[in-house]
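First the structure, in the form of structure tokens, and then the observations on it.
Worth knowing before you read on, the calculation uses all heavy atoms, side chains too, and leaves out hydrogens, waters and symmetry mates. As the structure is a prediction and not an experimental result, all values here were calculated from the model. Throughout, protein chains are lettered first and strands after them, A, B, ... in sequence-line order, and every chain is numbered starting at 1.
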There are 2 protein chains.
Amino acid sequence: MAEVTLKDVALASGCSIATVSRVLAGTRPVGAETARTVRAAAERLGYRPNHVARALRSRSTGTVGLVLPQITNPFFPSLVRELEHALHAEGRAVLLADCDDDPATEAARIAAFLGRQVDALLLIPVDERRSREAVAGAAARVPLVLLDRGCGPGVADSVAVDNAAGMALVLDHLAATGRRRPCFVGAAGTASAAVERRAAYEAGAAALDPEAPGRIALGDFSVEWGRAAVDRLWPSRPDALICANDLIAAGALQRLRQLGADVPREVAVTGFDDIPLAGLADPALTTVRQPVGELAAEAARLLGRGPGGEQGPRHTVRLAPRLVVRDSG
Amino acid sequence: MAEVTLKDVALASGCSIATVSRVLAGTRPVGAETARTVRAAAERLGYRPNHVARALRSRSTGTVGLVLPQITNPFFPSLVRELEHALHAEGRAVLLADCDDDPATEAARIAAFLGRQVDALLLIPVDERRSREAVAGAAARVPLVLLDRGCGPGVADSVAVDNAAGMALVLDHLAATGRRRPCFVGAAGTASAAVERRAAYEAGAAALDPEAPGRIALGDFSVEWGRAAVDRLWPSRPDALICANDLIAAGALQRLRQLGADVPREVAVTGFDDIPLAGLADPALTTVRQPVGELAAEAARLLGRGPGGEQGPRHTVRLAPRLVVRDSG
DNA sequence: CTGAAAGCGCTAACAT
DNA sequence: ATGTTAGCGCTTTCAG
């Protein structure tokens, strides 16, 4: 059961440890004949490189930490999946942390990952403000890319969907289908998704109705809030409920059905994100799909460059979403 | 930015590297006075232990690999969450792998994790049979616990819900509420959940109706199959659709609604797992809740013991589920 | 192109 | 209770 080491392979192939290392890691040119011998010996003995030793020596673990608020948020699994694939494809492994939506836990997880010498950190911050200190500290030590949510200007590179463009897509569609009394059901707080989607609504809704930009109800990104929002808003008979994410929309749909409202005839309902639930809702939800694969690819790409630290200007990448028209509006 | 090492702390506190290590790792008794001095120096210099070096020396990375078929399967995120918390609580970090439901990818991920010297592996096998070889190989090298799904007898320790008990709960409930023409909508294949849930239905359904055990339709664990199953079964007017998981049930519910069936009056629909979607379905789904927290705790506990390898008999832990009665039946 | 030697930062024997 | 001595398995100078 004793592991086969470079030394064993060197012994078996009659050359030095250094040469074996060079062959197997492909670091430097090696004679064709020698290389063959070494590879054969390695194969025969079942040599498996020890990444820990390699990491200690080369100061690179080939590991990236993925820190997110709550894996149970239905938008994240598909993102995690894409990230995992993108990173494993480059031979990097993913350490996962779930922060329970708590900035203190988040700070602890970041610290733990730093102690484990992750090469880089991929982070979806819990909170725009309360995550900032830990994020900034980490960004000074390793390459760090913020995903999906921001964390204040200049803190780190970030990749996210273009929320304003997504909202514009929704508003255009609603305008084109004749809606004139829209209402925005959003989330309070400073999270970038909340802020940007709301701002985009305020900026674009006037095209449907001069009064529209003022019709805003703010809660949080939950199904419960979607239900509650309907109770509050339905009496004023909006003809479109523009929800800041799919969970809110799902709650709204549910409550509207209970109230006997006819969706989409009486009122359209739209979401944002296109989580798996969206296609299953009744009626199936019209929503804005995030370009999850590209977000992941872009994040992985950004991680590649630079040794982290304070250097250089921060990059902010915004990717275009696309509208998925289903039955709800 | 050069990292502070044990040596620096030793120098600053005037004692040997070994002593500092002993204080900071708490491995052996150390004089109270010395300990204080060392700790102060470490604190002052901002010492952070290097886990990679520690791992190389102690042959333990404090890392466990979590390998699962597809993080986008809605049952897994909550399991991942609980596992992450349980393991981080013991100071272990989680390497995550998503296998895309492909045994070859699974084998590759397992190998990658082994190369990274994970202390243990937590694995939800992709396939009962096709995962076996890779799993057995890994189980011979590190402690390995199978979660949620089995992988043939004697391959490794395993922790899962008691599927038979869950099905019995459903059947009892349906019997108590007067259902007499149930039908099982399951999944084909050899996955343990598929087999066990079906077998439990066959064993218990006779209590409702002598003909019931034969009324079985098999597809896969998907929403699409749930919809298709309704098209096939509805003409025979069952009064209960017992679905093998919540996705199937969600599809069935959706199709039944389209057909104008009255759930639960005309027909009850039940699921299994209690994924987040279950509470959101319309009507809200009656289902069997898996004890996710306990599954995770038990798996973490099992990982703790033993150095892996071939030793000892395999443990199989089955945890009791509970019935969550909502509106669908 | 290849070998010898020097560690990466830490822990574990072995001394004292 | 503390210090000294060896490495863990690998990469990487530095010679040749």
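Looking at heavy atoms from C-beta onward, B:V9 lies in side-chain contact with B:L45 at the 4.5 angstrom threshold.
Between the CG atom of A:L11 and the C1' atom of C:dG3 there is a distance of 14 Å, given to the nearest Å. Nucleotide C:dC8 holds its C1' atom 16 Å from the CZ atom of B:R54, rounded to whole Å. Rounded to whole angstrom, the span from the CZ atom of B:R59 across to the P atom of D:dC10 amounts to 10 Å. Straight-line distance from the CD1 atom of B:I17 to the P atom of D:dG7: 17 Å, rounded to whole Å. As rounded to whole Å, 14 Å separates atom C1' of C:dT11 from atom NE2 of B:H51. Straight-line distance from the CG atom of B:L6 to the P atom of D:dG7: 20 Å, rounded to whole Å. Atom pair A:L56:CG and C:dC8:C1' shows a separation of 4 Å (rounding to whole Å applied). Regarding B:R57, its CZ atom lies at a distance of 9 Å from the P atom of D:dG9, rounded to whole Å.
With respect to A:E106 and A:R109, no salt bridge is recorded, no charged nitrogen being found less than 4.0 Å from a carboxylate O.
Backbone-only engagement by B:T5 is indicated by non-hydrogen atom pairs under 4.0 Å involving sugar-phosphate atoms exclusively.
For C:dG3, one of the phosphate oxygens OP1 or OP2 lies less than 4.0 angstrom from a side-chain nitrogen or oxygen of A:S16. Within the structure, a side-chain polar atom (N or O) of A:T34 is placed less than 4.0 Å from OP1 or OP2 of C:dT2. Contact between the side-chain N/O atoms of B:S21 and the OP1/OP2 oxygens of C:dT11 is found at a separation under 4.0 Å.
When distances are taken from the side chain of A:A18 to each of D:dG3, C:dA5, D:dA1, the shortest belongs to C:dA5. Taking every side-chain heavy atom of A:T19 into account, C:dT2 is the closest of D:dT12, C:dT2, C:dG9.
There is a side-chain donor-acceptor pair under 3.5 Å between B:D119 and B:S60.
If you check distances only, the side chain of B:R48 never reaches the base of C:dG9 with a donor-acceptor pair under 3.5 Å.
Between A:S16 and A:A10, the shortest heavy-atom distance links the atoms C-CB, 3.8 Å.
Checking A:L83, A:D157, A:L302, A:L123 one by one against A:L147, the side-chain contact (heavy atoms from CB on, under 4.5 Å) holds for a single residue, A:L83.
Where A:R22 and B:R22 meet DNA chain D, the nucleotide closest to each residue was compared, and B:R22 sits on the side nearer the 5' end. Along DNA chain D, the nucleotide nearest B:A53 and the nucleotide nearest B:G14 are compared for position; the residue whose nucleotide lies closer to the 5' end is B:G14.
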